[in-house]
Amino acid sequence: MLTMRKILVPVDFSERSTAAGKHAVALAQRFDAALSFLHVIPPVRSQFAAFEGALYATGLDLVDEETVTERTRRLECLAKTIAPGRAVETVVVVGDPGWEISEFAKSGGIDLIVMPTHGYGPFRRFILGSVTAKVLHDVNCPVFTGTHVPDLPTGDPRPYHRIACALDLSKHSETVLRWGSEFAAAYQAEMVVIHAAPSLDVSGRGGQYLGPEWRGVLLKSARERADKLLEKVGCRAEIYVDTADVADFVSEAAAEAGADLLLVGRSAHNGLIGRLRTHAYALIRESPCPVISV
């Protein structure tokens, strides 16, 4: 059974972060979790100073006590507005937002972070907010994010009816599927598994592929592996498999399946590539629904 003891909501007082806070409140109610609202005030040097000036300003946050007090009041007011009658921890700190959020999550034993991306509208294909990107890279806990977070209905006790898991069928896929299965059980939601099998290009020029018989073999093998994984985890799900671009196929399949939520995997190790799996950024940008990266 999935347990969430602590949920963190980074707040910048935008409409999108407020909407994320409302969904976090609903999640906290479902899982009986404690809520923390965190607001980070960037140092003035980070907001306004030129690069050279910022070097000389190192160590001087230049944020006065009045600003901290005012932001604390606003955060407490917001918490009371969107979580009436509920105890909510409110914290205001000065520093780099991405670093402070990540450190708070790691030191505070956070089980889920709920935050929107800043990529939306016609440019969302190219943009993933730098703060969200750093948090996704640095933290170990699942992160609920995406351009469609504000689109979820806030009054629905069951906002998730169909949950899609995008799996690459690696070892980490079992963790993602198990987490998703337990999350779906909490909402009595149906499960969908999506896998984009690799296209075998043998020409070296991107235009020639192995014949349809080999494509059939690939799809059959991928479906069998997905079935075995489902059996191992002990859940049932509709399976979507094709040889296609990962981000395009996953987003199209999630939309076709009517998914309310998409789960994707994050790598469990650090390295030159970082924690996010190869396609995770693209999946978060292109998803037709909010995304939880595990």
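- Atom CE of Met115 and atom CZ of Phe144 lie 12.5 Å apart (nearest 0.5 Å).
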Could you list the donor-acceptor pairs under 3.5 angstrom formed between side-chain atoms of residues 249-257 and any protein atom two or more places apart in sequence or on another chain?
{"unit_1": "Ser251", "atom_1": "OG", "unit_2": "Ala247", "atom_2": "O", "d": "3.0"}
{"unit_1": "Ser251", "atom_1": "OG", "unit_2": "Asp248", "atom_2": "O", "d": "3.0"}

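- The two residues Glu100 and Gly95 make their nearest non-hydrogen contact at OE2-CA, 3.8 Å.
- Side chains of Arg215 and Asp242 form a contact here, defined as non-hydrogen atoms less than 4.5 Å apart.
- What you find for Gly21 and Val9 is that their closest heavy atoms are CA-CG1, 3.8 Å.
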Pair up each side-chain donor or acceptor in residues 174-189 with any protein partner under 3.5 Å, not counting sequence neighbours, and list the distances.
{"unit_1": "Glu174", "atom_1": "OE1", "unit_2": "Lys232", "atom_2": "NZ", "d": "3.0"}
{"unit_1": "Glu174", "atom_1": "OE2", "unit_2": "Arg178", "atom_2": "NH2", "d": "2.8"}
{"unit_1": "Glu182", "atom_1": "OE1", "unit_2": "Leu2", "atom_2": "N", "d": "3.3"}

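- You'll find the side chain of Leu230 stays beyond 4.5 Å of the side chain of Arg236, heavy atoms only.
- Once rounded to the nearest 0.5 Å, the distance linking CG of Asp64 with OG1 of Thr69 reads 8.5 Å.
- Atoms NZ and CD1, from Lys22 and Ile82 in turn, are 7.5 Å apart once rounded to the nearest 0.5 Å.
- Judged purely by atom type and a 3.5 angstrom limit, Ser287 has no side-chain atom pairing as donor or acceptor with the backbone of Gly146.
- In this structure, Thr18 contributes its side chain and Ser14 its backbone to a donor-acceptor pair below 3.5 Å.
- In this structure the side chain of Ile7 never reaches within 4.5 angstrom of the side chain of Phe37, judged on heavy atoms.
- The backbone N or O of Val217 sits nowhere less than 3.5 Å from a side-chain atom of Ser221 that would complete a donor-acceptor pair.
- Heavy-atom minimum distance, Val91 versus Phe104: CG2-CE1, 4.0 Å.
- In terms of modelled atom types and a separation under 3.5 Å, the side chain of Ser36 and the main chain of Leu8 share no donor-acceptor contact.
- Between Glu103 and Lys106 there is a salt bridge, since at least one side-chain N of the basic residue sits less than 4.0 Å from a carboxylate O of the acidic one.
- Taking all atoms of both residues into account, the shortest heavy-atom contact from Ile113 to Ala105 is CD1-CB, 3.7 Å.
- For the pair Asp111 (side chain) and Lys6 (backbone), a donor-acceptor distance under 3.5 Å is present.
- Between the side chain of Arg266 and the main chain of Val139, a donor-acceptor pair closer than 3.5 Å is present.
- In the hydrophobic clustering of ILVMFWY residues, with side-chain heavy atoms under 4.5 Å counting as a link, Trp99 and Val93 come out apart.
- For the pair His172/Leu167, no side-chain contact is recorded, criterion being any heavy-atom separation below 4.5 Å from C-beta on.
- Looking at heavy atoms from C-beta onward, Asp260 lies out of side-chain contact with Cys289 at the 4.5 angstrom threshold.
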Arg5/Ile110 under side-chain contact (heavy atoms from CB on, under 4.5 Å): CA gap, chis, key distance, verdict: CA-CA 7 Å; Arg5 297 178 301 277; Ile110 298 299; over 6 Å; no
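- Checking side-chain atoms of Arg225 against main-chain N and O of Leu169 turns up a donor-acceptor pair under 3.5 Å.
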Pair Leu27, Val25 - check side-chain contact (heavy atoms from CB on, under 4.5 Å), show working. CA-CA 5 Å; Leu27 286 164; Val25 171; over 6 Å; no
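- Ring to ring, His39 and Phe13 are close: their centroids are under 6.0 angstrom apart.
- Ala244 approaches Ala196 most closely through the heavy-atom pair O-CB, 3.8 Å.
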Run the numbers on Ser173 and Asp168 for side chain to side chain donor-acceptor pair (under 3.5 Å), then give the verdict. CA-CA 7 Å; Ser173 290; Asp168 59 9; 2.9 Å; yes
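- The shortest non-hydrogen separation linking Val193 to Ala237 is CG2-CB, 3.9 Å.
- Annotation: side chain of Pro142 is not in contact with side chain of Ser293 (no heavy-atom distance under 4.5 Å).
- Note on Glu76 versus Arg73: no salt bridge recorded, every NZ/NE/NH1/NH2 to OD/OE distance being 4.0 Å or above.
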Show the numbers, then the answer: is there a side-chain contact (heavy atoms from CB on, under 4.5 Å) between Leu35 and Arg86? CA-CA 9 Å; Leu35 269 173; Arg86 187 179 187 91; 4.0 Å; yes
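- One finds the CZ atom of Arg71 at 13.0 Å from the CG atom of Leu78 (value rounded to the nearest 0.5 Å).
- For the pair Pro10/Val40, no side-chain contact is recorded, criterion being any heavy-atom separation below 4.5 Å from C-beta on.
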side-chain contact (heavy atoms from CB on, under 4.5 Å), that's the test. Do Val291 and Leu263 meet it? Break it down for me. CA-CA 6 Å; Val291 179; Leu263 267 66; over 6 Å; no
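- Remark: Tyr240 OH to Arg223 CZ distance equals 10.5 Å, nearest 0.5 Å.
- Counting heavy atoms from C-beta on, the side chains of Val68 and Val94 come closer than 4.5 Å.
- The structure places CD of Glu238 at 5.0 Å from CZ of Arg162, a figure rounded to the nearest 0.5 Å.
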